[in-house]
Amino acid sequence: MKIINAGGAKKWSTLVHNGVVFPPPYKPHGVKMLYNGQPVDLTPEQEEVATMFAVMKDTEYASKETFINNFFTDWRKILGKTHVITKFELCDFTPIYEWHLSEKEKKKQMTSEEKKASREEKSQQDEKFMWAFVDGVKEKVGNFRVEPPGLFRGRGEHPKMGRLKRRIRPSDITINIGEEAPVPVCPIPGESWKEVKHDNTVTWLACWNDPINEKDIKYVFLAASSSLKGQSDKEKYEKARKLKDYIRSIRANYTKDFRSKDQRKKQIAVATYLIDKLALRAGDEKDEDEADTVGCCTLKVENVTCLPPNKLQFDFLGKDSIRYYNTVEVELAVYEAIKEFCAGKKKGGHVFDKLDTTKLNAHLKDLMPGLTAKVFRTYDASITLDTILNKETTDGTVDEKAKVYQRANKEVAIICNHQRAVPKSHDSQMNKLNEKIDELTAQRDQLNVELEKANKLLSKKAKKRKLVGSDGDAKRRRKLTPEMLQKKLSQVETRIVETDNHKNNKEDLKTVALGTSKINYLDPRITVAWCKTHEVPIDRDKHFTVLNKLF
DNA sequence: ATGTACACTTAGTACCTCGCAA
DNA sequence: TTGCGAGGTACTAAGTGTACAT
């Protein structure tokens, strides 16, 4: 018997769960697309794939050549050699797209009771799959739903985008479950699981091969709120914290090697420096059939520009094809070393040609037990969060303190290069805020005029009263007193400042994704400690409330 | 030393929900 | 009552890193 994961520790003693939920079978709609202007008959299977493409009309993918070619190639396999459809250019998916829009509209038009009812029905069906028992403890399952068929949405310039991701069947699925637990009933009549195993050195409940990349495996894991996930999360942050004790000697170590005669040592030193200073990812080698992205070890000469006297400009696509664009001042020795590594190499050549992630990590392990490249990102995040929170938190309202936390969160996100697409509604929201500010400013000006008038009137009246003893007329009495106007004025002024801050904050964060760092990089213990010290209720944030219980 | 299978973390986006202001 | 924005969840792609085979 092949022993898999032999070194892996035991993760559980008993494991009980109910398997996975399959997406419902395809329901044909019968809407005919056009080919060369004529309606065409499609079998349900053919129609299903056509529909997958049709509904993506308003995405970027729909106009990408690679996507279209891959889709069409896979679809034609299903259409068969003799089918009338042979040219993509003659296909008109609009009828199906419009059907899709009207279905969407129908759903939107449902009353809130109907929506609620169907939601409840669904959650009732899902209920038994949502939970697992790990060593007798009820834990939430993460992704118990099997991925539905669809067109592959690879990020960046992925050579496989648009390929048909076929339907997963029970015979694709391996179930991992406790020996004594009942094997989940296969929910599709007449079919059965590929395999049932009882491996307690792993944490997954089910897996199948990714149909796009057959050598890749998709897993069903427990949710982040489970103690198994919480445990390894805690270990991750503990390791990052330990790096604090080692960082001085690690830095001394690589600094010494910047000028090493041994090219490999020198490259390791410079790479470690970049990972430490810039929180770059390790950068594993990638296959030809994946998007062309890089990390530290895979940086190519064209990704780094040396700007005299000692600046480096980085420009490359990293994970998820997110652009990393940054100019930094580095130690002169690093600058010289990079220049030397790049010298004489052709475009596409690796800056660190004597290096890969395995070698780098092996070296890091010598410096600190369990140290790998990714720990530096967690470490950087922890240091940044801690520093900003300590430096910037002042006595003030809870809202003001929360703003400080958000600023720290933002800095971490920037360091980790967590970006997002500018929200679709960004421009219109900015316009609205500008209009709001204009409106408030006009209000303010108006109030100032009124206030001035009211004050004048008051002093006039005072004079008059001395002379005549007037009690003022009814019309005047309805007007606001200067005090009231003053109060209103300061309210408006506050709102102007608030709205302006809100606007600037929104603009500032339009391309920054805060969520990833919050979930994966901000040590909950730092957050919780800060909340306690500064009397910010932890339950303001659901994420940390959950983790607080777990940690 | 290098390649690869496997397991697990990290990532951005689409969508959904809920509370609030208009 | 509605429409909208913030914030959360679901989804699944894309990384990292280890163990083992070659």
Side-chain angles (χ1 to χ4, degrees), chain A residues 2-8 11 23 59-60 104 107-108 112 115-116 119 126 140 142-148 150 152-156 158 160-161 165 174 176 199 201-204 207 209-210 212-225 228-229 232-233 235-236 281-287 290-291 293-298 317-322 356-362 364-365 370-375 377-378 413 416-421 423-426 428-429 432-433 436 502 506 509 511-521 540-543 546:
Chain A
K2 197 167 118 186
I3 301 167
I4 294 167
N5 198 11
K11 303 281 172 52
T59 69
E60 289 264 297
K104 235 163 73 175
K107 228 184 234 172
K108 226 168 51 188
S112 53
K115 280 182 194 164
K116 199 178 163 195
R119 213 187 312 149
D126 291 346
K140 209 167 180 177
N143 53 327
F144 53 85
R145 247 180 273 279
V146 172
E147 292 175 17
F152 178 65
R153 295 156 101 106
R155 319 250 169 95
H158 200 298
K160 291 189 174 180
M161 65 167 78
K165 199 169 81 166
T174 301
N176 190 42
D199 184 354
T201 68
V202 296
T203 66
W204 53 268
C207 77
N209 287 98
D210 177 9
I212 292 296
N213 226 327
E214 284 285 340
K215 67 176 177 31
D216 284 351
I217 304 166
K218 301 276 192 163
Y219 296 92
V220 173
F221 290 115
L222 293 171
S225 60
L228 262 170
K229 290 278 189 194
S232 63
D233 220 27
E235 283 162 15
K236 170 184 78 186
R281 296 190 183 82
D284 259 333
E285 209 55 63
K286 294 195 71 183
D287 280 349
E290 295 175 288
T293 62
V294 302
C296 183
C297 292
T298 39
L317 297 182
K319 181 176 180 178
D320 294 298
S321 294
I322 297 292
D356 60 43
T357 57
T358 313
K359 286 170 191 147
L360 180 69
N361 282 332
L364 294 176
K365 280 216 167 41
L371 183 62
T372 61
K374 81 194 265 286
V375 180
R377 282 169 71 78
T378 316
C416 292
N417 201 36
H418 292 145
Q419 298 188 39
R420 61 168 179 165
K424 282 196 183 81
S425 59
H426 181 78
S428 72
Q429 284 178 264
K432 268 185 207 156
L433 287 171
K436 188 91 217 168
H502 183 65
K506 190 182 272 297
L509 291 172
T511 60
V512 183
L514 297 178
T516 303
S517 50
K518 186 173 117 179
I519 289 169
N520 298 303
Y521 289 96
R540 272 179 73 99
D541 189 301
K542 206 179 162 199
H543 167 70
V546 171

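Letters A, B, ... mirror the listed sequences (proteins, then strands); counts begin at 1. For clarity, every value in this text was computed on a predicted model and none was experimentally measured.
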Heavy atoms of A:Lys518 and A:His543 approach each other most closely as O-NE2, 3.2 Å

Contacts of A:Val146 and A:Lys286 projected onto DNA chain C by closest heavy atom; the upstream (5') one is A:Val146

- Task: Under 4.0 Å between any heavy atoms, over every strand shown, what does A:His543 touch: base, sugar-phosphate, or nothing? Just pick one.
- Result: nothing

Here the distance between atom P of B:dC8 and atom CG of A:Asp210, to the nearest Å, is 18 Å

With the side chain defined as heavy atoms from C-beta on, A:Lys165 is closest, among C:dA13, B:dG12, B:dT2, to C:dA13

Taken to the nearest whole Å, CG/A:Asp356 to P/B:dT2 is 7 Å

Enumerate all atom pairs, one protein N or O and one N or O from nucleotides 17-22 of chain B, separated by less than 3.5 Å.
unit_1	atom_1	unit_2	atom_2	d
B:dT17	OP1	A:Arg119	NE	2.6

*asked:* Counting the atoms with a prime plus P, OP1 and OP2 as sugar-phosphate, which does A:Ala291 contact under 4.0 Å by heavy atoms, base, sugar-phosphate, or nothing?
replied: nothing

In this structure, CG of A:Asp320 is separated from OG1 of A:Thr516 (nearest 0.5 Å) by 8.5 Å

Practice task
Measure distances between side-chain N and O atoms of A:Lys319 and base N and O atoms of B:dT10, and say whether any donor-acceptor pair falls under 3.5 Å.
Solution key: yes

Worksheet item: So what does A:Thr357 hit on the nucleic acid, given a heavy-atom distance under 4.0 Å: a base, only sugar-phosphate, or nothing?
Response: nothing

Sorted by chain and number, sequence neighbours left out, side-chain hydrogen bond (donor to acceptor under 3.5 Å, both in side chains) with A:Asp284 holds for A:Thr357

By nearest-nucleotide position on DNA chain C, the 5'-leaning member of A:His502 and A:Lys218 is A:His502

Winner on side-chain proximity to A:Arg281, out of C:dA14, B:dT9, C:dG15, is C:dG15

- Query: Base, sugar-phosphate alone, or nothing: which one does A:Lys365 contact when heavy atoms must sit under 4.0 Å apart?
  - Reply: sugar-phosphate

Picking from C:dA14, B:dC8, B:dT10, the nucleotide nearest the side-chain atoms of A:Trp204 would be B:dC8

- Query: Would you call A:Trp204 and A:Thr174 a side-chain contact if the rule is heavy atoms closer than 4.5 Å?
  - Reply: yes

Contacts of A:Ser517 meeting side-chain contact (heavy atoms from CB on, under 4.5 Å) (sequence neighbours excluded), chain-then-number -> A:Asn409, A:Val412, A:Ala413, A:His418, A:Tyr521

